[in-house]
Peer 1: 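I am attaching a structure below and will ask some questions about it afterwards.
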Number of protein chains: 2
Amino acid sequence: MARTFVTAEEVAKRAGVSRSAVSRTFTPGASVSKTVRRKVLKAARELGYRVNRLAQVLNNDRSNLIGVVGANLSSPFISKQLDLLSIGLLRQGKQCLLLNAADARQDIAPLIELLFEFRAQAIVVLSGEPPASIVDECIANGVRLILINQRLDRTDTNMVLSDDSHGADLAALRLIESRCKKVAVVTSGSQTPAQLRRAKAFTQRMQAEGVDVVAWSGGPTSYESGVQAGRELLVDKAIDGAFCVTDLLALGFLDAARLEMNRRVPQDVSIVGFDDIPQAGWKSYGLTTVAQSFQALTEKVLSALDSDEPETRMQVVPVTLVERQTAR
Amino acid sequence: MARTFVTAEEVAKRAGVSRSAVSRTFTPGASVSKTVRRKVLKAARELGYRVNRLAQVLNNDRSNLIGVVGANLSSPFISKQLDLLSIGLLRQGKQCLLLNAADARQDIAPLIELLFEFRAQAIVVLSGEPPASIVDECIANGVRLILINQRLDRTDTNMVLSDDSHGADLAALRLIESRCKKVAVVTSGSQTPAQLRRAKAFTQRMQAEGVDVVAWSGGPTSYESGVQAGRELLVDKAIDGAFCVTDLLALGFLDAARLEMNRRVPQDVSIVGFDDIPQAGWKSYGLTTVAQSFQALTEKVLSALDSDEPETRMQVVPVTLVERQTAR
DNA sequence: GTGAAAGCGCTAACAG
DNA sequence: CTGTTAGCGCTTTCAC
C-alpha cells in the first residue's frame, strides 16, 4: 500500500525540469512554455500527482476554506440551507469545513476556535449565537463572519436574515382576517432570538387589535413539540387560531388538532406557520405559512463571501405569506 | 485589515523561549518543563495564538480531514446521515470537509480528486458511485474510502450498507400477509443501485408467491414523484398494494391514493415504504415501513474510520419492519 | 529539558 | 521563459 502522495519534486525530476516549472504549470496565471507545460502534465499524470493545497495555503494565505457551523443539521430548514450553501461554495471554488454543534444550546465558541486553527477564510453560522469575544477575534484575525437569521447589535459583522417581524405581522393579519378571537402563539423551548422576534411581533399586533393571545413554549424545535402544544392548548375550546413560529411546530400542532383534539382545520381553528419547509406543501397538510426564501438567503451569504469588501452589514430578506388551506 | 494570524515565533519571542518550546507546549506528548509551559501559554493567550493546523499537517501527514461527498443533502434520509456523521467525526477529533455533488447523477470523481488535494485522510461517500479508477487511486494513496449503501464488487473498499434485499423481502411478506393480489413497486427515475436491489428482491419474492407486480419508475427521489406514481398507477382499480423503495415516494403515493384517487389506506390498498424517515411517523401518515438504522450505519462508518486497519470490508446493517397503519 | 537546524510541499522574488 | 533561492508555520531530530 503506497503511503505518501507524489510531490512536485518527483514530477519535476521525471519531466526533467525544475520544481518551479511544475508549480507554474499548476498556477493559473503563470508563464510557462507550451513544451514545458506538456512535459510536466505528462509526468504528473503518469505519477498521479496532485497539488497539496495545504502546502499551497502556507504561502498564499487564502485557504479557500469556509467554516460552516450549525446545529440540527437534519431539520428540514437547516438542511435546506446547508444544501444550497454547500453547492454555492463549491461553485465559487471554496471548500466547506462543516462543524456540527450537535445541539443548539451548545456553545459554538470552541468550534469557531477550531476553524481559526484551520485558517478558515470565513465562517458561516447557521444556528447558535457566537459570544462577543469570538466575534471580536474574527475581526482581529481578518476572518469574515456571516450570521444567518441572527441579529447582533453590532455593525462590524455580516448578518443575513429573514424579515421575521414582518412575517409575524403577516401571520397576525391573516389570523385577524380569519376573525380569530383567541389565538395561541407557540415557540419551542429553545427560544432562539428569531423565534422570540416572531412571537413578539405577532403578539404585539394581535393585542393591538384586541385579540386574546396565549403563549406556549416547550420542547425542542420539532414536530413532536408541536403535537404537545396542540394537545395542551386545545383543551381550551375558545382557541380558534394559532401561529407556530416554525413549520415543524405547526405541522405537529395541526396533526394534534385534527387527529387528537377533534378540531376541523381551518373551520374550527386557523393555523399559520413560518419557514415554508417542503412538508408544509404536502397534500395532507397544505399549511398556510410565512415563507422564507432559502434561495435568497443563500445568495446573500454567497455574495457576502465573494465580495472583497462587504459594504452591507445587515441584509434583510423579504418574506411572503403562502396561502394554502389551514387558515379560514 | 486582513490581519495575519499570530505565529509561534512571535509567541516564542514574547515568552522568551525558542520556537521549539512553543511547538512542544502544543504537542500532546512532548516534554516541556512546567515553567516554560506556563510562560508559553501565557504569551499565547495574550497574543491570541492558535496553531496553524495546515502547517502542522505538512509534517505530520495526518490531516484529520475527512472528506464527505453526497448529493441531495436536504433529503430527510441523507441529511440525517450527515447530521449523525458530522457529530461523530467531531467527537473523534476529525474535521469534515463537505462536498455537495449537487445532483446524484453528477460524477463525483472530480470531487474526490479535490479531496485528494486537501490530503483528506478518508473519504465517505453518502451517495453516488465512484468510478473504479478513483477507487484505485484512493488505495494507491492510502486514502480510506467508505461507501454508504453502495455495493461495489471489490474487496478492497469499505462498504456499509443496509440489508436491502432482506428489507424488500420483509415488505413483500407483509403485503402477502395483507392478501394483496396485484401490487406496484415504485422506484424513482434515478434508479440507484440500492433502489434496484430493493425492487428486484421484492419482485422476485412476490412473483414466487404468484402475486402480480407492476413496476413504476420516474422522476427524482421525491414526494412529488410518489404522488405521480400514485396518480398513474391507481387508475388501475385492481392494484391493492404498493411497495415504494423510499419513504419519500411512499408518502407521496399515500397522499395521492387517499386525497386524489379516492382510496382508503389500508383497506383498499396497503402501502409499505423503506427508510423510516421522521415524517413516516407523523400522525397524518403512520407509514408502515422498513427501517434502516441510521444510528447503526453511522456507527459502522465511524468505527471504520477510527480503526487503523479495517478488518471488515463489507458490513451489512440489519433492517426491521416498522408496523404502523398503512398495511392491512 | 532545551535550542539550533533541517525539513514538510509549495509559491514567489530574483537573476539570468 | 526558466532555474535558483528564500521563505510560509510548524515539527522533529540532534546535540548540548
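Reminder, nothing fancy here: chain letters follow the sequence lines and each chain counts from 1. Quick caveat, the model's predicted, so the values are computed rather than measured.
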Peer 1: Among residues 33-47 of chain B, which ones have heavy-atom contacts with DNA chain D below 4.0 Å?
Peer 2: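 None, since no heavy atom is under 4.0 Å.
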
Peer 1: Should we count CZ of B:R62 as having more than 12 external heavy atoms under 6.0 Å?
Peer 2: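 It does not: B:R62 CZ has 12 such atoms or fewer within range.
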
Peer 1: Which of these, B:V17, B:V11, B:V40, sits in a side-chain contact (heavy atoms from CB on, under 4.5 Å) with B:T25?
Peer 2: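 Testing each of B:V17, B:V11, B:V40 against B:T25, the sole residue satisfying side-chain contact (heavy atoms from CB on, under 4.5 Å) is B:V40.
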
Peer 1: Per the atom types in the model, does the base of C:dG9 pair as donor or acceptor with the side chain of A:R53 at under 3.5 Å?
Peer 2: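 Counting by modelled atom types and ignoring angles, no donor-acceptor contact under 3.5 Å is found here.
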
Peer 1: Starting from P on D:dC10, measure out to CZ on B:R24 and report it in whole angstrom.
Peer 2: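 Rounding to the nearest Å, CZ of B:R24 and P of D:dC10 are 15 Å apart.
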
Peer 1: Side-chain donor or acceptor of A:N59 under 3.5 Å from a matching atom on the base of C:dC10?
Peer 2: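 Per atom types, the contact qualifies.
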
Peer 1: Figure out the CZ/C1' separation between A:F5 and C:dG9, and round it to whole Å.
Peer 2: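 About 13 Å, once rounded to whole Å.
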
Peer 1: Is a side-chain N or O of A:R144 found less than 3.5 angstrom from the main chain of A:A304, in a donor-acceptor match?
Peer 2: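 A pair under 3.5 Å: yes.
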
Peer 1: Take the protein atom CG of B:N60 and the nucleotide atom C1' of D:dT12, then report the distance between them rounded to whole Å.
Peer 2: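 Checked: the CG to C1' distance equals 10 Å.
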
Peer 1: Within less than 4.0 Å of OP1 or OP2 of D:dT11, is there a side-chain N or O belonging to B:Q56?
Peer 2: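 It does, given that an N or O in the side chain of B:Q56 lies less than 4.0 Å from OP1 or OP2 of D:dT11.
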
Peer 1: Taking only N and O in the side chain of A:S23, is any of them less than 4.0 Å away from OP1 or OP2 of C:dC10?
Peer 2: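 A:S23 to C:dC10 OP1/OP2: no side-chain N or O under 4.0 Å.
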
Peer 1: Would the distance check show the side chain of A:N141 and the main-chain N or O of A:F116 forming a donor-acceptor pair, the cut-off being under 3.5 Å?
Peer 2: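 No, because the side chain of A:N141 does not come within donor-acceptor range (under 3.5 Å) of the backbone of A:F116.
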
Peer 1: Any chance the side chains of B:T221 and B:S190 put a donor and an acceptor closer than 3.5 Å?
Peer 2: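 Side chains of B:T221 and B:S190: pair found under 3.5 Å.
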
Peer 1: In plain terms, say whether B:K94 and B:D306 are close enough for a salt bridge, that is, a side-chain N and a carboxylate O under 4.0 Å apart.
Peer 2: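 Looking at B:D306 together with B:K94, the answer is yes, because their closest N to O distance falls below 4.0 Å.
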
Peer 1: Is there a donor N/O on one and an acceptor N/O on the other, under 3.5 Å, for the side chain of B:R119 and the base of C:dG9?
Peer 2: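 Per atom types, no contact qualifies.
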
Peer 1: Contact class for B:V57 (heavy atom, under 4.0 Å): base, sugar-phosphate, or nothing?
Peer 2: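 Contact class for B:V57: none.
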
Peer 1: Any donor-acceptor pair under 3.5 Å joining the side chain of B:S20 to the base of C:dA4?
Peer 2: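 Indeed there is one.
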
Peer 1: Taking the six-membered ring for Trp and the full ring for Phe, Tyr or His, determine whether the centres of A:F5 and A:Y49 are under 6.0 Å apart.
Peer 2: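 No, they do not, as the ring centres are separated by 6.0 Å or more.
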
Peer 1: Using a cut-off of 4.0 Å on non-hydrogen atoms, how would the nucleic acid contact of A:F26 be classed: base, sugar-phosphate, or nothing?
Peer 2: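 Touches nothing.
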
Peer 1: Would you mind classifying the nucleic acid contact of B:V22 as base, sugar-phosphate or nothing, using non-hydrogen atoms under 4.0 angstrom?
Peer 2: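 Nothing, no nucleic acid heavy atom in range.
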
